[in-house]
Student: 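Got a structure here, written out as structure tokens. Questions coming.
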Amino acid sequence: MARRRKLYEGKAKILYEGPEPGTLIQYFKDDATAFNNKKQGIITGKGVLNNRISEYLMVRLAEIGVPTHFIRRVNMREQLVRAVEIIPIEVVVRNVAAGSLAKRFGLEEGMQLPRAIIEYYYKSDELDDPMISEEHITAFGWAHPQDMDDMVALSLRVNDFLVGLFLGVGLRLVDFKLEFGRYYNDDDEMQIVLADEISPDNCRLWDSKTNEKMDKDRFRRDLGGVKEAYQEVARRLGVLPEAGPMDIKGPQAIQ
Ligand code: UDP
């Protein structure tokens, strides 16, 4: 295959120039990082699993009318997406107290929140993704008030839908992070669309019966069985690749 132009390399993904103008190839790596890069590791097969899981969730969301950047999965580790202008904000939606929220307010992990809570963080490795309010976002021009309204409405729809979808496969959607982008159509009209990925890398998913963690917290907290947990999420969603999470097939016995 001809060498493609790499446009951006992040912690878990690489973006390449796409085959047509206005498209990109999103490549899912096995690299895992936590605590703003202070903890690094490789989870073999994670990229393959996240590619499938994110594809599945983006397709289901598109079916209920949530606009996303996703076009189609290309292969085990890559998907074709629309090129969008990423809004430099992480939108975190929480249903259950965990992680930084539990710490900040001294809440017990696992406490059901009275309603879904939305938080914003400014995407900046140098600044350690500081928490921000809508005031900062609009005052500094990262997004317009109308963009904010769209992002909040979409985030709540995504949350309601995903809570139900995951509950149907025995998983509790504790919290997750979304990213949005501005997509300009052929008539140069702008639309806010869901971008990035939705996977156990950026969701907290607990088994609904045992509360066992089935997400990146297993890596963050050295709980072991990280790959197995991602694999189980994929299996429950019905998207576990037949060959398992590995994209390189082992030697096969020839009769
Ligand atoms: N999250 C993420 N990227 C980040 C920070 C958070 O995907 O840079 C996700 C995380 O996986 C969790 C949710 O957002 O599902 C809330 O994370 P929290 O603020 O509790 O941060 P943590 O304590 O996990 O760093």
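Indexing begins at 1, ligand by ligand and atom by atom, following the structure's order.
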Student: What I want to find out is whether Arg221 reaches Glu109 closely enough, with some N-O distance under 4.0 Å, to be called a salt bridge.
Tutor: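 Salt bridge: yes.
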Student: Under a 4.0 angstrom heavy-atom cut-off, which atoms of ligand 1 come close to Gly99?
Tutor: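 Selected atoms, number and element: 20 (O), 23 (O).
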Student: Quick one: does any side-chain atom of Thr23 pair with a main-chain N or O of Glu20 as donor and acceptor, under 3.5 Å?
Tutor: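 Pair found, side chain donor or acceptor close to backbone of Glu20.
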Student: Hey, is the main chain of Met190 close enough, under 3.5 Å, to the side chain of Arg182 for a donor-acceptor pair?
Tutor: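 Looks like no, no N/O pair under 3.5 Å.
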Student: Is Glu55 salt-bridged to Arg73, going by a charged N under 4.0 Å from an acidic O?
Tutor: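 Judged by the 4.0 Å cut-off on N to carboxylate O distance, Glu55 and Arg73 do form a salt bridge.
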Student: Under 4.0 Å from atom 17 (O) of ligand 1, can you find at least one protein heavy atom?
Tutor: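 Under the 4.0 Å cut-off, atom 17 (O) of ligand 1 does have protein heavy-atom neighbours.
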Student: Heavy-atom contact under 4.0 Å between Arg94 and ligand 1?
Tutor: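 Heavy atoms of Arg94 do come under 4.0 Å of ligand 1.
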Student: So which of Arg220, Lys216, Lys177 gets nearest to atom 11 (O) of ligand 1, if we judge by its closest heavy atom?
Tutor: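 When every heavy atom of Arg220, Lys216, Lys177 is considered, Arg220 comes closest to atom 11 (O) of ligand 1.
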Student: Take atom 13 (C) of ligand 1 and look for protein heavy atoms under 4.0 Å from it; say yes if you find one, no if not.
Tutor: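 So far as the 4.0 Å threshold goes, atom 13 (C) of ligand 1 is in reach of a protein heavy atom.
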Student: Between Asp207 and Arg236, does at least one N-O distance fall below 4.0 Å, as a salt bridge requires?
Tutor: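 Judged by the 4.0 Å cut-off on N to carboxylate O distance, Asp207 and Arg236 do form a salt bridge.
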Student: Sub-3.5 Å donor-acceptor pair from the side chain of Arg77 to the main-chain atoms of Phe28, do we have one?
Tutor: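 Between the backbone of Phe28 and the side chain of Arg77 there is a qualifying donor-acceptor contact (under 3.5 Å).
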Student: Enumerate the atoms of ligand 1 whose separation from the nearest heavy atom of Asn202 is less than 4.0 angstrom.
Tutor: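 That gives atoms 7 (O), 9 (C), 11 (O), 15 (O) of ligand 1.
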Student: With heavy atoms of Tyr121 as the reference, note each atom of ligand 1 found under 4.0 Å away.
Tutor: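 Near Tyr121, meaning under 4.0 Å from one of its heavy atoms, ligand 1 has 19 (O).
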Student: Run the contact test for Val174 against ligand 1 with a 4.0 Å cut-off on heavy atoms, strictly below, and give the result.
Tutor: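 No; Val174 lies far enough from ligand 1 that no heavy-atom distance drops under 4.0 Å.
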